[in-house]
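In what follows, residues are counted from 1 in the order of the sequence shown.
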Amino acid sequence: MRWLFVVSTPFQLYYAATIVIEKLDTNDQAELLLTPQFPNAFQLAKQFQEEKIFETIHICPVDFNTCSLYKIQLKAYFGKSGFCPKSLLDKHFDYYALSMPAYPNSGVYFALRKTNKNLKVIFFEDGTGTYTGEVFRNATYLGIVPKGVQKPSQRAQIYRAIFGALPKKLNTYSPAKILVRQPEAIYFQSPFPIEQVTIQEKNLSRIYSCFGTPSSLPQDMRAIILDPARTTNESIDELDYLDSLIGQLASQGVKVALKAHPRTTNPSKQKEYCFQIPNDLWELYCRHNSLTDKLLIGIGSSAQLTPILENSEKPTLLFLYKLFIKRNSDTYSNYETIVEIAKRMYKQDAEKLILVPRTAEEATALVSSFITKHGS
């Protein structure tokens with residue numbers, strides 16, 4: 001069987017490689033379509049080719065920085081977007097594996113179908129969006145939407161209504177199956193088969209040979225703050241609170257690690273009081289370092305779920321979104337879902353290890369209680 005994987009993030013590249021290593025048979029062949037939207041994307045992908053995980057690498061020819069979103073979505077539906085490299089147009093594939101039905105991926109699907117009439121689509125994990133069903137809310141996805149998935153945006157609904165009314169639904173597809181690390185975390189009723197695929201310890205060396213071996217977290221670190229993106233000099237309540245919390249912990253001699261968001265341009269004012277977690281792939285960092293006895297603090301970061309999804313570990317999780325996010329907002333609802341997924345995965349340990357304070361005072365008290373119990 002011949003597979004084509006399309007990736008646009010380091011995690012997608014990691015998980016696509018995991019699928020090739022763990023799921024594909026010896027005689028199967030895998031190629032990679034890269035939409036280079038992250039630093040050193042091509043150089044990193046080449047490492048996976050040299051490791052003989054992917055046979056060939058294809059590059060999406062479109063410059064995303066110059067694209068008009070609305071026009072490109074319309075073109076993607078009709079296969080006129082130019083997302084599919086010419087090197088793929090006449091190739092045979094049995095499976096087209098993608099993490100979400102974004103407009104580039106849909107445009108490529110349309111182009112591939114001209115040569116591959118029986119092409120099957122596979123969805124593979126893209127983090128929490130796969131578990132919550134967010135991946136099915138895309139404007140250019142016209143396939144079956146599982147029960148339990150929130151309604152898409154109004155614009156997406158309009159797009160779907162227009163395309164769905166056309167006599168030929170040229171770009172309609174649904175996944176033949178979904179591949180994830182932890183099937184029990186799926187938060188919707190899936191009409192599609194769901195399979196678990198995780199990297200085995202004996203095969204991690206092949207992944208590390210491409211990404212590099214993650215650095216080690218000092219054992220005396222008690223808390224890890226998963227920082228939101230800091231992209232302006234404006235004073236934002238949650239950022240100010242996190243900076244204040246870092247200062248309080250530092251004054252008590254508590255060892256704190258800070259994981260900066262990849263999009264951060266203005267680092268925390270309190271960063272000198274923290275151990276700076278390097279810019280390793282977070283999933284591999286959690287795989288390399290045991291976080292069971294740590295406190296992971298975040299507003300409602302999907303990264304707080306990574307230890308349980310990647311390594312079946314259960315650190316204590318402190319979610320702060322109720323302090324800052326309006327209750328009737330989509331963001332609040334998304335954070336609620338993340339917490340519910342965490343509770344489902346933690347099972348009987350959820351009550352003592354998943355903390356969702358309603359006030360800053362309660363949050364501070366919970367942090368102090370954890371430090372008292374586990375030491376500074």
Do [X] and [Y] pair up side chain to side chain, a donor and an acceptor below 3.5 Å, judged on atom types alone?
| X | Y | answer |
| --- | --- | --- |
| Thr130 | Glu125 | no |
| Ser215 | Asp280 | yes |
| Asp90 | His92 | no |
| Gln157 | Ser153 | no |
| Gln150 | Ser333 | yes |
| Glu55 | Gln49 | no |

TODO: For the pair Glu238 and Arg230, find out whether any cationic side-chain nitrogen is under 4.0 Å from an anionic carboxylate oxygen.
DONE: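 Salt bridge flag = no for Arg230 with Glu238.
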
- [ ] In plain terms, say whether Glu195 and Lys23 are close enough for a salt bridge, that is, a side-chain N and a carboxylate O under 4.0 Å apart.
- [x]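 Judged by the 4.0 Å cut-off on N to carboxylate O distance, Glu195 and Lys23 do form a salt bridge.
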
TODO: Assess the pair Tyr173 and Phe110: is the distance between their ring centroids shorter than 6.0 Å?
DONE: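 That pair fails the under 6.0 Å test.
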
Open item on the list: Would you say the ring centers of Tyr95 and Phe5 fall short of 6.0 Å from each other?
Closed with: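 Ring centroids of Tyr95 and Phe5 are no less than 6.0 Å from each other.
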
Task: Interatomic spacing from CG in Asn105 to OH in Tyr109 - rounded to 0.5 Å - done: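 These two atoms lie 13.0 Å from each other.
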
Task: Ile246 CD1 to Lys269 NZ distance, which is reported to the nearest 0.5 Å - done: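 It is 12.0 Å, given to the nearest 0.5 Å.
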
TODO: Only one of Thr316, Ile297, Leu317 passes side chain to side chain contact (heavy atoms under 4.5 Å, CB included) with Leu355; say which it is.
DONE: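 Result: among Thr316, Ile297, Leu317, Thr316 is the only option passing the side chain to side chain contact (heavy atoms under 4.5 Å, CB included) with Leu355.
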
Task: Candidate list Val20, Ile21, Thr26, test side chain to side chain contact (heavy atoms under 4.5 Å, CB included), partner Leu24, passing option - done: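 Single pass found, and it is Val20.
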
TODO: Show your working on salt bridge (charged side-chain N to carboxylate O under 4.0 Å, His left out) between Lys347 and Glu184 and close with a plain yes or no.
DONE: CA-CA 11 Å; Lys347 298 178 181 177; Glu184 64 181 308; 3.4 Å; yes

Open item on the list: Quick check: do Leu226 and Trp282 have side-chain heavy atoms less than 4.5 Å from each other?
Closed with: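 A side-chain contact under 4.5 Å exists here.
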
TODO: With the side chain counted from C-beta on, respond yes when Ile144 and Phe136 share a heavy-atom pair under 4.5 Å apart, and no when they do not.
DONE: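 SC-SC contact between Ile144 and Phe136 ruled out.
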
Open item on the list: Assess the residue pair Asp94 and Arg2 against the criterion (salt bridge (charged side-chain N to carboxylate O under 4.0 Å, His left out)); give the C-alpha distance rounded to whole Å, side-chain angles, the decisive distance to 0.1 Å, and a yes or no.
Closed with: CA-CA 5 Å; Asp94 299 287; Arg2 294 189 63 84; over 6 Å; no

- [ ] If the plane angle is over 60° it's perpendicular, under 30° parallel, otherwise tilted; pick one for Phe124 and Tyr15.
- [x]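 Aromatic pair Phe124/Tyr15 classed tilted.
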
Task: Asn138 side chain to Val135 backbone, donor-acceptor under 3.5 Å - done: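 A pair under 3.5 Å: no.
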
TODO: For Thr35 and Val7, indicate whether the former's side chain and the latter's backbone hold a donor-acceptor pair under 3.5 Å.
DONE: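 Checking the backbone N and O of Val7 against the side chain of Thr35, a donor-acceptor pair under 3.5 Å is found.
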
